[in-house]
K.L.:
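My structure is below; once you've seen it, I'll send some questions.
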Amino acid sequence: MTDTTTATVDNAPAPGTPLLQASNVVMRFGGLTAVNDVSLTVNTGEIIGLIGPNGAGKTTFFNCLTGLYVPTEGTVTYKGATLPPKPHKVTQAGMARTFQNIRLFHNMTVLENVLVGRHTRTKEGLLSAILRGPGYRREEAESRAKAMEYLDFVGLADKAGSLARNLPYGEQRKLEVARALASEPGLLLLDEPTAGMNPQETRATEELVFAVRDRGIAVLVIEHDMRFIFNLCDRVAVLVQGRKLVEGDAATVQGDERVVAAYLGTPYEADADSTTADDSTTPEENQ
Amino acid sequence: MTDTLQIRPEAAAAPKPAIPLPTAAARAVTAAGAVLTAASAFLSWTYSSQFPGDLTVTGYPGGLQWITFTGGLLTLLYLLVGYGAPGLRGLAPGGAEGTTVILAVGAAATTWFTLIAISVELGGLANLTTGGWVAGVASLLAVAGALGLPRDGQHPQGNRLGVLLYPGKRPELRPAEPMPAVLEVGVVLLTLAAALGVFAYGVDTSYAELFAGFLILTGFAAWALNRSGDFARLGEIMQRHRVLASVGAFVAAGLFPFTQTGGSAEANANLGVSILIFAATALGLNIVVGLAGLLDLGYVAFLGVGAYTAALVSGAAGTAFNVQFPFWAAALLGAVVSGIFGVLLGAPTLRVRGDYLAIVTLGFGEIFRIVVQNLDGTSGPNVTNGAIGISNVPDLNILGFDFGSAHSFGPFSIGRFANYFELMLLFTAIIVLVFSRSANSRIGRAWVAIREDETAATAMGINGFRFKLLAFALGATLAGLAGTVFVHVNYSIVPDTFQFAGPTPPNSAFLLAAVVIGGMGTVSGPLVGASLFFLLQAKLSFLHDYQLLLFGLTLILFMRFRPEGIIPNRRRQLEFHESQTEGGQEGPTPELRTAEA
Ligand SMILES: Nc1ncnc2c1ncn2[C@@H]1O[C@H](COP(=O)(O)OP(=O)(O)OP(=O)(O)O)[C@@H](O)[C@H]1O
Ligand SMILES: [Mg+2]
């Protein structure tokens with residue numbers, strides 16, 4: 001597991017120190033084990049990819065990390081502290097995410113969406129909102145300036161006033177990223193950020209992810225677009241039927257025949273003597 | 001090529017008038033009809049003075065004839081606007097012809113309503129004099145003329161509601177250049193004065209027929225002004241002079257008791273203060289329902305908590321505690337106790353979502369009423385005097401100002417209910433301030449985010465439960481505050497006032513309807529909705545038996561045709577009607593909207 005961090009930012013913690021550590025996470029829904037004993041470490045300054053066929057449990061794993069699901073077993077620590085399984089506390093701690101099926105606040109403006117993202121980094125309570133003292137005005141103005149900055153960063157500054165639901169699809173994805181960034185995370189989790197995008201938009205998203213990393217934010221990204229993943233990621237983990245099959249750099253993963261098998265099906269001649277991914281109860285280590 | 005040929009005739013068909021007349025002829029007919037309609041108000045319409053308002057006098061309009069008169073003049077005004085009369089051009093930025101049609105229909109509707117009411121009440125068409133027939137025919141003539149005018153605006157195709165939509169939709173207006181500030185301030189003041197005038201007239205209508213006629217014309221006029229784009233323009237101007245507009249609105253409202261003179265002044269002031277209490281409570285509910293999106297069906301209980309708290313410390317005879325707090329302390333206590341109840345009820349109920357929340361709040365609302373009923377000394381300790389309630393709540397006396405007696409200000413004299421009206425207006429101002437400031441803040445954004453998508457909101461760091469509880473508690477606090485005045489205005493309080501549904505406000509169903517029909521998430525929506533509802537049930541008391549039925553019908557019609565309410569939130573309007581204007585841009589593909597967290 002060599003660290004391939006290249007870009008760092010002065011104010012970021014020393015590169016290569018573990019940021020997120022998920023150990024032995026298990027998630028069961030009744031009889032279905034959607035995530036089975038998955039461990040994953042994300043270090044500062046890294047871009048990590050998470051791939052796997054449909055239904056492999058990638059999103060479920062994300063949900064376990066961000067507190068949307070309470071893992072059946074296992075722990076998740078962020079910067080050394082165990083994360084409580086409450087989404088708002090996870091965000092407070094410094095992990096922000098986007099959703100596979102875009103979940104914007106559709107009837108709020110683009111700017112308001114990002115302002116909601118600033119929630120954990122602002123403090124005014126009800127009373128100061130009603131009294132509107134100078135402190136309140138300052139913080140609100142600051143919040144707006146910051147929000148505009150994030151919109152500018154993803155290239156949506158000129159759409160600040162329109163309703164989120166009126167944005168074209170690609171821009172909605174960008175807005176989700178801006179909203180997540182507004183919470184000033186140390187780790188950004190992206191769930192299929194290029195789904196439904198054309199090649200140009202995908203390339204732009206690639207640039208965006210690099211730019212995010214250059215801000216000192218580590219990224220964990222789920223994606224089906226292999227070119228996107230292998231261009232981008234320092235390390236890639238492959239999830240198949242809830243288990244982590246392989247983890248390594250692009251070359252390692254691309255060269256691994258089990259991955260090819262998981263995606264393309266098992267070659268006919270190998271069928272006889274090897275247990276494959278279609279039987280998740282068999283430990284892969286046997287192969 | 002063939003495709004365009006097929007589409008063309010349809011597109012061209014829309015602007016064809018319903019009655020094919022040369023434009024000049026249509027204008028002439030409309031003008032003649034409108035003028036004659038207005039003039040007919042000066043004739044006698046019936047032989048008998050038994051019909052309320054005495055429509056037998058020739059030479060001077062009475063009662064409902066004033067409404068017809070106004071309708072005729074308004075039709076004429078917008079006809080002139082459409083003709084391009086100098087100085088009037090700016091009055092219909094969204095098109096004058098459609099507006100004229102609406103006004104002509106409105107004038108005809110209220111005129112014919114009057115004629116039919118006369119015939120029904122006095123027993124037969126024979127009771128109409130020539131004047132009445134002139135009015136009826138003239139108003140129809142104006143409609144016929146207006147239907148011959150060239151059509152403007154946008155015409156939705158293939159809608160089953162073809163008749164209703166005949167006047168067309170106003171085209172999207174781009175914001176206008178600001179006018180000189182003096183002029184704009186003038187417009188703001190004039191609008192406020194007009195609003196006060198219309199409201200005062202509506203409250204002062206002394207018989208149901210007059211109110212019904214008034215309501216018909218007001219409804220059509222509001223539709224017309226919306227269609228003409230005047231409301232949109234006014235909105236822009238008000239937005240530019242926000243402070244003036246809101247302070248002015250409260251000053252205008254404060255002048256309301258002074259517009260009420262004569263025998264029914266006190267009754268009207270009573271109506272006014274009841275409307276204010278109802279509206280302020282609805283605004284509190286709007287935080288819970290409109291902003292945070294929590295369906296609370298037991299909200300009226302919080303009004304009750306505030307009212308009972310204030311009653312218990314008012315020094316009323318026979319209460320459990322024989323204490324008399326100064327009113328500021330009682331009001332504060334009522335608000336705080338109500339807020340605490342909000343937290344107590346919210347903490348267990350807010351753990352369920354959606355429909356379940358509605359059911360649980362409905363239950364808690366009833367529990368409040370039943371508990372209060374049973375704290376009577378027999379079934380439980382005597383705190384609230386059970387079903388009999390607390391009576392003889394003394395009038396307020398703040399800094400020597402006795403709310404129970406009439407006071408003179410120069411030439412004006414205002415009575416007991418008017419005193420309370422001014423007090424409640426102050427409270428309403430506080431509630432409006434709290435609502436609008438919390439709505440436009442980090443807190444309000446968190447509420448709206450929860451309403452929009454609770455999962456995404458929590459993923460953005462919002463503690464869903466805590467903020468829902470805050471909305472619940474704040475809503476309860478504001479209702480409690482309103483309740484403290486409520487009990488003093490009414491002298492007494494009984495548990496049965498605080499039901500889920502009943503023929504008279506306040507009850508939870510009416511409050512909710514005022515919010516939903518007024519416009520969720522807005523400040524003015526619930527105020528308008530509440531006024532309308534309250535006036536409707538107070539003025540049309542002959543409908544008492546059918547009130548709940550009509551009430552349900554209104555709700556259904558609104559949900560079908562104007563789900564965003566009378567005064568739409570900018571966001572919600574886009575949400576509901578965007579598909580008609582922009583071809584509806586759906587964000588994520590439907591397939592992606594399925595599973596996942
Ligand atoms: N809340 C739930 N209850 C029951 N089963 C669930 C739940 N959430 C996910 N699953 C199941 O867990 C499995 C993994 O789903 P998940 O959404 O994590 O897959 P994924 O790897 O994200 O797939 P995709 O690439 O299609 O997004 C699926 O079989 C799914 O049906
Ligand atoms: Mg997924």
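Chain A is the first sequence line, chain B the second, and so forth, proteins listed ahead of strands; every chain is numbered from 1. Quick caveat: nothing in here was measured; it's all calculated off a predicted structure. Below, all heavy atoms of this structure are taken into account, side chains as well, without hydrogens, waters or symmetry copies.
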K.L.:
What's the spacing between A/Lys86 NZ and B/Thr458 OG1 if we round to 0.5 Å?
P.N.:
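Going from NZ on A/Lys86 over to OG1 on B/Thr458, the span is 11.0 Å.
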K.L.:
Please classify the contact between A/Val116 and chain B as side chain, backbone, both or neither, with a heavy-atom cut-off of under 4.5 Å.
P.N.:
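Contact with chain B: backbone and side chain both.
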K.L.:
Provide the closest heavy-atom pair for A/Leu126 versus B/Trp447 in the form atom of the first, atom of the second, distance.
P.N.:
CD1-CH2, 4.4 Å
K.L.:
Can you give me the closest heavy-atom contact between B/Arg437 and A/Ala129, atom names plus distance?
P.N.:
CB-O, 3.6 Å
K.L.:
Checking the side chain of B/Arg442 only, and the main-chain atoms of A/Thr122 only, is there a donor and an acceptor separated by less than 3.5 Å?
P.N.:
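Yes: the side chain of B/Arg442 pairs with the backbone of A/Thr122.
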K.L.:
Can you name the side-chain contact (heavy atoms from CB on, under 4.5 Å) partners of A/Thr120, sequence neighbours left out?
P.N.:
A/Thr91, A/Gln92, A/Ser183
K.L.:
Step by step, would you call A/His119 with B/Met460 a side-chain contact (heavy atoms from CB on, under 4.5 Å)?
P.N.:
CA-CA 7 Å; A/His119 185 86; B/Met460 287 302 114; 5.6 Å; no
K.L.:
Given that the side chain runs from C-beta out, which part of B/Ile443 has a heavy atom under 4.5 Å from chain A: side chain, backbone, both or neither?
P.N.:
side chain
K.L.:
Looking at A/Glu176, A/Lys123, A/Arg121, which one has more heavy-atom pairs under 4.5 Å with chain B than the rest?
P.N.:
A/Lys123
K.L.:
With a 4.5 Å cut-off on heavy-atom pairs, point out which of B/Gly444, B/Ala446, B/Ser441, B/Ser438 contacts chain A the most.
P.N.:
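Sorted descending by pairs with chain A, the first entry is B/Ser441.
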K.L.:
Checking ring pair (Phe, Tyr, Trp, His ring centres under 6.0 Å) for the pair B/Phe467/A/His88: CA distance, chi angles, key distance, verdict?
P.N.:
CA-CA 12 Å; B/Phe467 274 83; A/His88 64 271; 9.4 Å; no
K.L.:
Hey, is CZ on A/Phe62 packed in by over 12 heavy atoms from elsewhere, all under 6.0 Å?
P.N.:
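Counting other residues, nucleotides and ligands, CZ of A/Phe62 exceeds 12 neighbours.
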K.L.:
What part of A/Arg118 gets within 4.5 angstrom of chain B, counting heavy atoms only: side chain, backbone, both, or neither?
P.N.:
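A/Arg118 has no heavy atom closer than 4.5 Å to chain B.
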K.L.:
Say whether, by atom type as modelled, one donor and one acceptor occur between the side chain of B/Glu452 and the main chain of A/Asn107 under 3.5 angstrom.
P.N.:
yes
K.L.:
Just wondering, are more than 12 heavy atoms of other shown residues or ligands nearer than 6.0 Å to CZ in A/Phe29?
P.N.:
yes
K.L.:
Can you list the residues of residues 130-143 of chain A that sit under 4.5 Å from chain B, counting heavy atoms only?
P.N.:
A/Ile130, A/Leu131, A/Arg132, A/Tyr136, A/Glu140
K.L.:
Tell me the closest heavy-atom pair linking B/Ala459 and A/Phe99, and the distance in Å.
P.N.:
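Minimum heavy-atom separation between B/Ala459 and A/Phe99: CB-CZ, 3.6 Å.
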